[in-house]
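What follows is one structure encoded as structure tokens, with my remarks underneath.
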Amino acid sequence: MPEGHTLHRLALLHQRRYAGSAVSVSSPQGRFAGWSTVDGRTLESVEAVGKHLLHRYGPDATVHVHLGLYGAFTEFTLPAPVPTGQVRMRVIGSKTGTDLRGPTACELLTEDGVERLFARLGPDPLRDDAEPDRAWSRISRSRTPIAALLMDQSVLAGVGNVYRAEVLFRHGIDPMVAGRQLGAERWRVIWDDLVGLMRAGVRAGRIDTVAAEHDPVATGRAPRKDRHGGEVYVYRRAGQPCLVCSTPVASNQLAGRTLYWCPACQPE
DNA sequence: GATCTATGTAGAT
DNA sequence: TCTACCTAGATCG
């Protein structure tokens, strides 16, 4: 379930569980050749940037993981079970271990590679060192719809299809409005809201975006459990009534991804 | 059991 | 703009 909040949550977990002492690293499936370079070494620190996770072992060796659409870590307590399925990387600490399956990327980077990764990413709302003006300088000059810009990791790092749809809904913004037409004021509102929503996502381990006043349970409507695990206004709710105005939620393909919005609450 | 879909990205066209 | 990649849960029969 990987948008940026998932990776930052994993970074906190892995930092707590594995950083500061030697770990055993392996690749039961065999597709992560870099395991032998870090096996038995001390994991110095773990951090996330956008949807990327970095296990830092030293200047010569950082394990870079990108979960893609399907990748996932699972935890186990020692003694370690026999690996089942396609385990790309297994990390074992003093009390627990974790298996990585199905990632888009699991590779060893040197410091140069890490710098190149940071260089191609826009500001991450979940990082204290983020500079939202870097994103605004791109957005304010672009004819591309804001819905596409929010998903562009070189503009903004960590936002995915759920946060994109939800943040635009929460501020009544037409997804197709061009970046240059957005205005600095609305950009600031989007950024600040993403910071709050994504921090809450890190804490909760799921994406919740619905205000209490619109919550279908709290307002007496039938309980609902969204498929991604949290409560949302429009994501994956095409054809269902908008939680605010009851207009059917619309959907469309934009740059290969499904976009969701309420035509009444987010007018042109 | 088969099929569909997905919170993502890189690379080809 | 399209396809490939990779896994798992939901849905269909």
Side-chain angles (χ1 to χ4, degrees), chain A residues 1-11 27-33 48-54 64-75 83-90 98-107 109 113 116-122 124-126 143-145 147-170 175 193-194 197-210 224-240 249 251-261:
Chain A
M1 309 151 195
E3 294 196 24
H5 69 299
T6 303
L7 281 301
H8 281 264
R9 189 175 168 87
L10 282 168
S27 181
Q29 171 204 52
R31 285 188 51 193
F32 171 44
V49 53
K51 299 168 188 169
H52 305 259
L53 182 68
L54 301 172
H64 166 227
V65 174
H66 193 293
L67 294 177
L69 204 48
Y70 324 108
F73 282 95
T74 53
E75 290 256 317
T84 56
Q86 300 292 305
V87 177
R88 186 77 59 90
M89 176 173 72
R90 168 171 278 193
T98 186
D99 283 342
L100 170 64
R101 292 184 176 79
T104 287
C106 176
E107 61 180 352
L109 296 181
R116 281 196 295 276
L117 172 65
F118 274 82
R120 69 181 170 87
L121 294 174
D124 176 350
L126 285 171
R143 296 175 217 260
T144 303
L149 290 168
L150 289 177
M151 296 276 284
D152 183 337
Q153 301 297 297
S154 71
V155 173
L156 209 67
V159 174
N161 207 9
V162 183
Y163 283 122
R164 168 271 284 269
E166 295 298 305
V167 80
L168 291 175
F169 177 89
R170 283 164 58 92
D193 201 26
L194 284 172
L197 286 174
M198 293 175 77
R199 281 183 182 164
V202 174
R203 285 193 298 272
R206 51 183 250 176
I207 299 177
D208 289 297
T209 62
V210 178
R224 179 171 59 82
K225 191 175 187 305
D226 281 308
R227 280 200 266 180
H228 68 284
E231 294 295 337
V232 292
Y233 283 106
V234 291
Y235 175 71
R236 290 250 282 190
R237 295 193 63 244
Q240 297 177 54
V249 172
S251 70
N252 205 350
Q253 292 296 119
L254 178 66
R257 308 299 300 280
T258 308
L259 171 68
Y260 303 88
W261 78 102

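Order of the sequence lines fixes the chain letters, A, B, ..., with proteins taken first and strands second; residue numbering starts at 1 for each chain.
Side chains of A:R120 and A:R116 form no contact here, defined as non-hydrogen atoms less than 4.5 Å apart. Using a 4.5 Å cut-off on side-chain heavy atoms (C-beta onward), A:P2 and A:K51 make no contact.
Straight-line distance from the CE atom of A:M151 to the C1' atom of B:dG8: 8 Å, rounded to whole Å. Here the P atom of nucleotide C:dA8 and the CZ atom of A:R88 are 12 Å apart, to the nearest Å. As rounded to whole Å, 13 Å separates atom P of B:dT7 from atom NE2 of A:H5. Atom CG in A:L126 sits about 14 Å away from atom C1' in B:dT7, given to the nearest Å. Per the geometry, CG belonging to A:L69 stands 13 Å off C1' belonging to C:dA4, to the nearest Å. Computed from coordinates, the A:R31 CZ to C:dT7 P distance equals 7 Å when rounded to whole Å. The CG atom of A:L254 sits 15 Å away from the C1' atom of B:dG8 (whole-angstrom rounding). Look at CG on A:D99: it is 11 Å from P on C:dA8, rounded to the nearest Å.
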Under the side-chain contact (heavy atoms from CB on, under 4.5 Å) criterion, do A:V87 and A:L100 qualify, and how do the steps go?
CA-CA 6 Å; A:V87 177; A:L100 170 64; 5.8 Å; no
List the steps, then state whether side-chain contact (heavy atoms from CB on, under 4.5 Å) holds for A:L7 with A:L67.
CA-CA 9 Å; A:L7 281 301; A:L67 294 177; 4.1 Å; yes
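Remark: A:Y235 OH to A:E166 CD distance equals 10.0 Å, nearest 0.5 Å.
Taking 4.0 angstrom as the limit, A:R257 places a side-chain polar atom (N or O) nearer than this to OP1 or OP2 of B:dG8. Of the side-chain N and O atoms in A:H66, none sit less than 4.0 angstrom from OP1 or OP2 of B:dG8. The shortest distance between the side-chain N/O atoms of A:K51 and the OP1/OP2 oxygens of B:dT7 is not below 4.0 Å.
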Any N/O pairs under 3.5 Å between the protein and nucleotides 10-13 of chain B? List them or say none.
residue, atom, partner, partner atom, Å
B:dA10, OP1, A:R120, NH1, 3.1

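Here, B:dA10 and C:dA8 have their C1' atoms 22 Å apart, quoted to the whole Å.
A side-chain donor-acceptor contact under 3.5 Å links A:E3 to the backbone of A:G160.
Of the candidates B:dA6, B:dT9, B:dT7, the closest approach to any side-chain atom of A:N161 belongs to B:dT7. Closest to the A:Y260 side chain, of the nucleotides C:dT7, B:dT9, B:dA6, is B:dA6. Listed candidates were B:dA6, C:dT7, B:dG8. Nearest to the side chain of A:Y235 is B:dA6.
Pairing partner, B:dA2: C:dT11, with both Watson-Crick or wobble hydrogen-bond distances short of 3.5 Å. With a 3.5 Å ceiling on both atom-pair distances, the Watson-Crick or G-U wobble partner of B:dA12 is C:dT1.
Checked against side chain to side chain contact (heavy atoms under 4.5 Å, CB included), A:L109 has the following partners two or more places apart in sequence or in another chain: A:H64, A:E107, A:V114.
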